[in-house]
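Chain A is the first sequence line, chain B the second, and so forth, proteins listed ahead of strands; every chain is numbered from 1.
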Amino acid sequence: MSEPRPPIRLMFVDDESRILRSLALQFRRDYEVITQNDPQLALETLRNERIDILVSDQRMPGMNGAELLARARTLQPASVRILLTGYSDLDAAVQALNDGEIFRYLTKPWNPQEMAQTIAQAAEQSRLQRAAPPANDASASDAPTRNVGILLLDSDPVIEARVLELCALGGHHLYRASRLDEAVALLNREHVDILISDLRLGERALSPLLKSLAQARPQALTIVTTPYQDTQALLTLINQARIFRYVLKPVSVKLFERALHAAVTQSRHWQLQPHIAVPRTPEAPRDEQERATVNGLVGMLGRLRERFASRL
Amino acid sequence: MADVGELERLLKPVQALTPEVNVDEVARRFLLDEHRAFLSLPVADAAGQPLGLISRYRLQDIFMRRFGRELWGTQPVSEVMNPAPLVLRIDTPFEEAATQVTTRLSYPVTEDFILVDEAGRYRGIGTVPQLLKAMEDRLVQRNRALHRTLEDLKRSQAQLVQSEKMASLGQMVAGIAHELNTPLGYVGNNVELIRALSEPLFALNDALARLAACLTDPAGDEEAVARAFEAAEQARREADADTLADDLRQLLDDTGYGLEQISELVKGLKDFSRLDRAPSDDVDLNDCVRAALLIARNNLKNRVEVRQQLQALPPLRCAPSQINQVLLNLLNNAAQAMDGDGVILIKTWAEDARVLLSVEDNGKGMPPEVLERIFDPFFTTKPVGEGTGLGLSICYRIIRDHGGSIRVASRPGRGTRFLIALPLQRAAHTAEADSPVDAPSPREAEHV
Ligand SMILES: Nc1ncnc2c1ncn2[C@@H]1O[C@H](COP(=O)(O)OP(=O)(O)O)[C@@H](O)[C@H]1O
Ligand SMILES: [Mg+2]
């Protein structure tokens, strides 16, 4: 039943060649490993060869990792991109997510087992993505699609105005909640494709909800809007909640509109190809207690998954 | 200010003379005990309007002339008095009163001054010595207040210096911590890999041991030996000893290198962080440059290219930790003055009895009005949270405490160059660790 799968091509980019040697040795048995210690050369490789998984360092002479990943996304949208860095740098993380749509944000030093697991997940993701053509405006423009459902968990007037305008123009459904239980109920009842959410709703922290949503409903796209400049928080949101965009408050209208537009395009694309349910595999929370909270919420969101599955 | 009422305290309610009183009578009154303290006596009319002052000095003057007493003794005082003495309203603020009195002061002091009420009516006189005494008291008081303020200022400046120090320390620790992550990353991974790669070697070793046991076992049969051979051969193939040896060697080399890097970073941290280390006699300024660069790397990396032209230098007496702080400040400022990529050039050289160091950047430079103020404490052009405005004022103080000089030249859009000169032999005064006194004034700073 299993036809031989083409080997996954994995490229590591880092200006420290000892990192590259170490990773190459670790992964050469299971993957076709390419290493580059110059981001320019890496870009050259991306232009000429298929790369399934790209793992890049952040700080390199000439070009930083976030920029390389963003350019890799344009050159090879189907590649799975990962940032591996020893520095906590919020701007880099935001750029890597918003422009590079990274799959994971990993930190040095890393745990070899966890790294192997992440690469395996990335390989799985890559196979699924290879099977699906990439999202773009053309594919989404005229085809008849269901209206996009948007859940807004944020009361910022600028954000609200943009979202209202978008819904009026595009005929999207807008849902709103001001409490966590309302939000969960809405997610269960309605068809939510895009979630626009601050990290707090009233007194409640929303990241557990975002993390459970990533597990229960991997296709929902989350745009996080927050005033907090916390790299660590962003890192866990990328890895465990698989958020789609991260927009810092006070929001720049242009950036926010771009994020919204990208989310709408992506969900239209997924609607058009319901047979390719790309699981955007999240990482499980590490903290016991948080894992319990998230699992509880996943249970509450469970019905949604069943409903959604039967519809496909 | 509690000025009102202050003159009240100086008030001597002396009975005023009427203008008709004759000079002899005035002389008699001067001799009265109650008037002993006064240099002069007031003259006022019936309505209480002050008319003048008559002083002992004036009387003396009259009586010492030939026939003075005979000629003037019976004349009314109004004929000889000073008709335009200093008259002050009792509610005049003390400062103002003091100014008026002292500007009119002549030596020897011959007169007192007249105090009147709001309506200008005579109330009494005040004496100059008493006023001077009151002024002195006030000065003492004010001095005490100034002293307290100075102490407060010193304390808060010390705290600020401390916070700037902590800021650079924190930045440095964060930088080094991150810097450590790269070697830690591959060292950790390599150890796991070495563990995994050595497994087949152990297996091979076991297989060989079993084979040897078979061969030396007198009771061993052919078949067992063949099986053992086969197993050993299998283990050897799995261990793939040729490439394995290369891989292991490479991994061990890299791991060793990584550990060296880690200890170098930790040593750098240790060297750098002894911020209060005493001055030492034989410091190579180039070592300071290298230590500061190691620390600053976190801020500079990738964006900024650092070029070093370090010439051999004679040993210098200085507090290395303080010099490091200066260098770190200059490097950070240079990096912050660059929008995109840029170059920092660090030079050291020796000249006469001095060691010189320059830090040059091709950042955005400074207009003259900024340049003029950069050594002022709290002067910053950076947004809150980014700049404290203390960096260069601290640099200035440290260099001055070392008996050296710091100069700056800058051109907007072109770049900036700081030049530090440190004397090899220094006057006996030593670099105190962070006495927060006397902030530099920009005029003291030399500009080139
Ligand atoms: N290399 C440089 N290039 C341009 N401007 C500089 C440079 N170094 C210092 N400055 C100017 O001097 C000011 C004071 O510097 P400093 O005392 O270190 O305080 P801070 O860096 O906290 O602002 C800076 O805000 C900046 O305007
Ligand atoms: Mg500074």
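- Under a cut-off of 6.0 angstrom, the local environment of CZ in B:Arg290 is crowded, with over 12 non-hydrogen atoms contributed by other residues, nucleotides or ligands.
- Heavy-atom neighbours of A:Arg162 CZ from other residues, nucleotides or ligands within 6.0 Å: above the threshold of 12.
- Residues of residues 246-254 of chain A never come within less than 4.5 angstrom of chain B, heavy atom to heavy atom.
- Nearest approach of A:Gly86 to B:His178, heavy atoms of both residues: O-CD2, 2.9 Å.
- With a 4.5 angstrom heavy-atom cutoff, A:Thr107 does not touch chain B via any of its atoms.
- Shortest non-hydrogen contact noted between A:Trp110 and B:Tyr186 is CH2-N, 4.0 Å.
- Atom CZ of B:Arg237 sits in a crowded spot, with more than 12 heavy atoms from other residues, nucleotides or ligands closer than 6.0 Å.
- Only the side chain of B:Leu197 comes within contact range of chain A, with at least one heavy atom under 4.5 Å from a heavy atom of that chain.
- Residue with the most contacts toward chain B among A:Met63, A:Lys108, A:Met115, A:Gln113: A:Lys108 (heavy-atom pairs, distance under 4.5 Å).
- By the 4.5 Å heavy-atom criterion applied to side chains, B:Pro183 and A:Glu16 are not counted as neighbours.
- Contacts between B:Leu184 and chain A at a heavy-atom distance below 4.5 Å involve backbone atoms as well as side-chain atoms.
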Mind listing the side-chain donor-acceptor pairs of residues 256-264 of chain B below 3.5 Å, one per line with the distance, residues two or more places apart or on another chain?
unit_1	atom_1	unit_2	atom_2	d
B:Ser263	OG	B:Leu259	O	2.9
B:Ser263	OG	B:Glu260	O	3.1

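- Counting non-hydrogen atoms of neighbouring residues, nucleotides and ligands closer than 6.0 angstrom, the CZ atom of B:Arg307 reaches no more than 12 such neighbours.
- Not counting sequence neighbours, B:Arg414 has no partner by the salt bridge (charged side-chain N to carboxylate O under 4.0 Å, His left out) test.
- Proximity to chain B among residues 20-38 of chain A is limited to A:Arg21, A:Ser22, A:Leu23, A:Leu25, A:Gln26, A:Arg28, judged by heavy-atom separations below 4.5 angstrom.
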